[in-house]
2 protein chains.
Amino acid sequence: MARNVTIAQVAEQAKVSKSTVSQFLNKRYEYMSESTRQRIEAAIEELNYHPNIIARSLKQKSTYTVGVIVANILHSFSTQILRAIENNFNDNGFHIIICNADDEPEKERNYIEMLLAKQVDGLIIFPTGGNLDLYEQMKQRNFPVVFMDRKIDGLEIDTVMLDNHQAAKLAVDAFVESDYNQISIITTSIIRNTSPRVERIEGYKLALEEHGLPVRPEYIRTADAEQIQGVLKELFALQEPPEAILAGNDIVLIEVLKYMKDHQLKIPKDVAVIGIDEVSFASFYSPPLTVVTQPTIEMANKATELLLAQINSKNKTARTAIHRLHPSLIKRSSC
Amino acid sequence: MARNVTIAQVAEQAKVSKSTVSQFLNKRYEYMSESTRQRIEAAIEELNYHPNIIARSLKQKSTYTVGVIVANILHSFSTQILRAIENNFNDNGFHIIICNADDEPEKERNYIEMLLAKQVDGLIIFPTGGNLDLYEQMKQRNFPVVFMDRKIDGLEIDTVMLDNHQAAKLAVDAFVESDYNQISIITTSIIRNTSPRVERIEGYKLALEEHGLPVRPEYIRTADAEQIQGVLKELFALQEPPEAILAGNDIVLIEVLKYMKDHQLKIPKDVAVIGIDEVSFASFYSPPLTVVTQPTIEMANKATELLLAQINSKNKTARTAIHRLHPSLIKRSSC
DNA sequence: CTGTTAGCGCATTCAC
DNA sequence: GTGAATGCGCTAACAG
């Protein structure tokens with residue numbers, strides 16, 4: 001009654017050998033007569049037989065499973081990417097195992113090791129940056145890996161990420177165009193210098209300079225979500241509080257909006273706001289929120305494509321590169 | 001250099017037999033001398049050996065992997081549950097494979113079959129309701145399964161779901177208390193009568209009756225997300241348009257808020273609104289949104305607990321039941 | 001066309 | 001304490 005039906009039983013029932021059944025399972029019908037084909041088919045049906053993929057994987061060294069390790073599942077960006085990746089891989093007959101490293105290198109290390117031990121065919125990682133030895137090892141073993149969202153310098157691994165400089169620039173440009181010159185940027189804290197945050201700040205600085213605007217260190221803040229209310233309080237206690245705030249991701253944006261609400265500050269009259277990452281409520285918020293979006297679908301597609309290419313080419317060392325996708329500004333009314 | 005290091009090579013390197021290495025791997029140190037123990041340890045280190053979990057699984061019939069099939073990953077509810085489940089299972093040394101059935105029974109069937117073939121140890125399913133034969137089969141095989149969010153009548157399978165009657169009642173009560181008597185409910189469409197939607201409508205009717213209010217069919221609407229704008233238009237074109245709207249889930253709520261924004265209707269002055277499911281922006285929206293929340297963490301915990309219990313008890317047929325968790329009203333200002 | 005044989009990498013008796 | 005032998009379920013030559 002249980003799932004103990006094996007190929008041997010099917011063979012027995014159909015009065016053929018296991019290998020013939022195996023042939024059948026792999027659709028190599030040329031290797032058998034019509035009558036045996038039908039007997040096998042009937043036996044399978046009757047026994048309700050389903051091949052054990054684990055056993056097959058052991059032999060074939062391919063599990064049709066890939067692991068995805070996100071740095072922090074709480075970002076809407078991660079969720080969007082995850083959805084798209086799940087969709088892509090399922091279209092290609094792969095399953096995905098999702099792990100959340102929670103921004104902790106220890107967890108990430110653990111997941112990578114377990115996933116490798118589980119013989120996944122490849123890995124998509126939002127790297128914490130804390131396990132260079134492992135990254136290096138996979139690279140040297142030619143194990144299929146693609147990095148998402150963050151890059152690791154000095155490692156030749158396919159990487160899909162946003163053009164963060166441009167993202168920041170789009171926002172700064174929009175602010176300046178609307179005559180806001182005192183612009184602040186807030187990102188979540190930059191442990192291990194995760195590239196998006198660093199780059200967004202760099203892009204912000206570059207953009208300010210392009211506009212001939214001064215870069216004021218007190219306007220550049222990084223903090224964990226829980227501390228952002230405090231940061232905002234400090235910002236608005238400044239001699240010259242910012243006229244505009246660029247929220248580095250959706251979590252920051254939400255904190256900013258809470259603060260505005262709590263302190264009855266009007267957007268954009270009292271302070272203009274732009275967020276990086278689209279949020280579900282942007283279009284109907286009051287005011288509708290101007291936002292810089294990441295092309296999450298395209299990013300997921302690119303990552304899928306790269307990983308699949310690596311998986312299928314095996315040990316043919318293809319060129320690796322950093323693929324920068326472009327953000328776009330959705331102009332609404334918060335700036 | 002590759003991941004081809006096997007237990008045999010370790011054994012050779014350490015000058016012992018494979019079985020002794022196996023003992024070591026399973027931490028049965030009492031079966032070997034201190035010196036061999038150290039030799040094995042050194043060999044493993046030197047070869048950078050990692051056991052192949054697939055091979056182990058084949059033998060032990062346990063993959064430490066569970067599958068989760070959500071009906072529709074677009075609901076914030078699904079995402080929240082998924083996060084919590086991932087967290088729980090990883091704490092217990094399991095990995096989870098996530099699949100999105102997209103409300104299509106065909107996809108669900110395909111996933112279930114593949115996941116079983118992959119020898120997952122258990123399944124958490126948000127059932128589409130379209131594959132009763134499969135559900136039944138798993139039940140009979142005593143395969144660990146728990147249903148989430150939706151129940152399938154006539155099947156004794158552990159199920160975790162919301163007390164949907166109460167959820168609707170909480171909302172209706174809140175409306176009535178604020179003197180709104182013409183209350184509408186909108187849910188996404190009820191294909192195959194998925195229980196939450198049906199139950200929420202039932203609960204809504206019951207609550208109205210309790211308050212001695214008439215149940216007006218024209219106030220009860222179900223529609224796909226894309227059609228909701230049209231539904232709202234019809235609702236407000238009514239002789240007596242509703243004074244209050246209960247949004248059956250986050251997707252409906254968003255559509256309702258868009259409509260309000262587009263038509264410059266003020267909440268709650270022109271129409272009061274309550275949504276089922278907490279949304280990220282509820283607390284700082286204008287006005288802050290009153291909402292009925294599901295205890296997603298508790299639901300995920302319960303599901304984890306039930307599935308783990310089934311996995312660990314194997315074939316001891318435990319009692320199965322429907323576990324109803326309770327919603328709660330977060331009173332803010334949209335009603 | 002079909003059956004025999006030999007592993008895949010590991011775990012598990014059961015002797016020595 | 002240690003090792004040889006066997007099998008998990010399937011695939012893949014290789015004969016016949």
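Small disclaimer: the values here were computed from a predicted structure and weren't measured.
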CD of A/Glu12: more than 12 outside heavy atoms within 6.0 angstrom? no

Between A/Lys27 (NZ) and D/dC10 (C1'), how many Å, whole number? 16 Å

Tell whether A/Lys59 reaches the base of C/dG7 with its side chain through a donor-acceptor pair below 3.5 angstrom. yes

For B/Met32 and for B/Leu58, locate the closest nucleotide of DNA chain D by heavy-atom distance; then report the residue assigned to the nucleotide nearer the 5' terminus. B/Met32

Which comes earlier along DNA chain D counting from the 5' end, the contact point of B/Ser19 or that of B/Ala55, where each point is its nearest nucleotide? B/Ser19

Rounded to whole Å, the CD-P distance (B/Gln23 to D/dG1) equals 12 Å

Atom-pair distance (CD1 on A/Ile7; P on D/dG7), nearest Å: 18 Å

Could you check how far CD of A/Gln60 sits from P of C/dG7, rounded to whole Å? 18 Å

Looking only at side-chain N and O atoms, does A/Tyr111 offer a donor or acceptor that is under 3.5 Å from a partner on B/Asn90? yes

So what does B/Val16 touch, heavy atoms closer than 4.0 Å: a base, only the sugar-phosphate, or nothing? sugar-phosphate

In terms of relative ring orientation, are A/Tyr64 and A/Phe94 parallel, tilted or perpendicular, with 30° and 60° separating the classes? tilted

At less than 4.0 Å, is any side-chain N or O atom of A/Ser17 found next to OP1 or OP2 of C/dG3? Yes or no. yes

Could you tell me whether the phosphate oxygens of C/dT2, OP1 or OP2, come under 4.0 Å of any side-chain nitrogen or oxygen in A/Thr20? no

Tell me the interatomic distance from B/Arg28, atom CZ, to C/dA11, atom C1', rounded to whole angstroms. 10 Å

Are A/Phe147 and A/Phe126 near enough that their ring centres are under 6.0 Å apart? no

Starting at CD of A/Glu34 and ending at P of C/dT2, how long is that distance when rounded to a whole Å? 11 Å

Does OP1 or OP2 of C/dT2 have a side-chain N or O of A/Thr36 closer than 4.0 Å? yes

Spacing of B/Phe24 atom CZ relative to C/dA11 atom P, expressed in whole Å: 13 Å

Side-chain donor/acceptor contact of B/Ser33 with base of D/dG1 under 3.5 Å: no

Mapping A/Ser35 and A/Lys61 to their closest nucleotides on DNA chain C, which lands nearer the 5' end? A/Ser35

Donor on one side chain, acceptor on other, A/Gln137 and B/Asn48, under 3.5 Å: yes

Just call it for A/Thr6: base, sugar-phosphate, or nothing, with non-hydrogen atoms closer than 4.0 Å on any strand. sugar-phosphate

Output yes when at least one side-chain N/O atom of A/Tyr49 is less than 4.0 Å from OP1 or OP2 of D/dC10, else no. yes

Whole-Å distance separating the NZ atom of A/Lys15 from the P atom of C/dT2: 15 Å

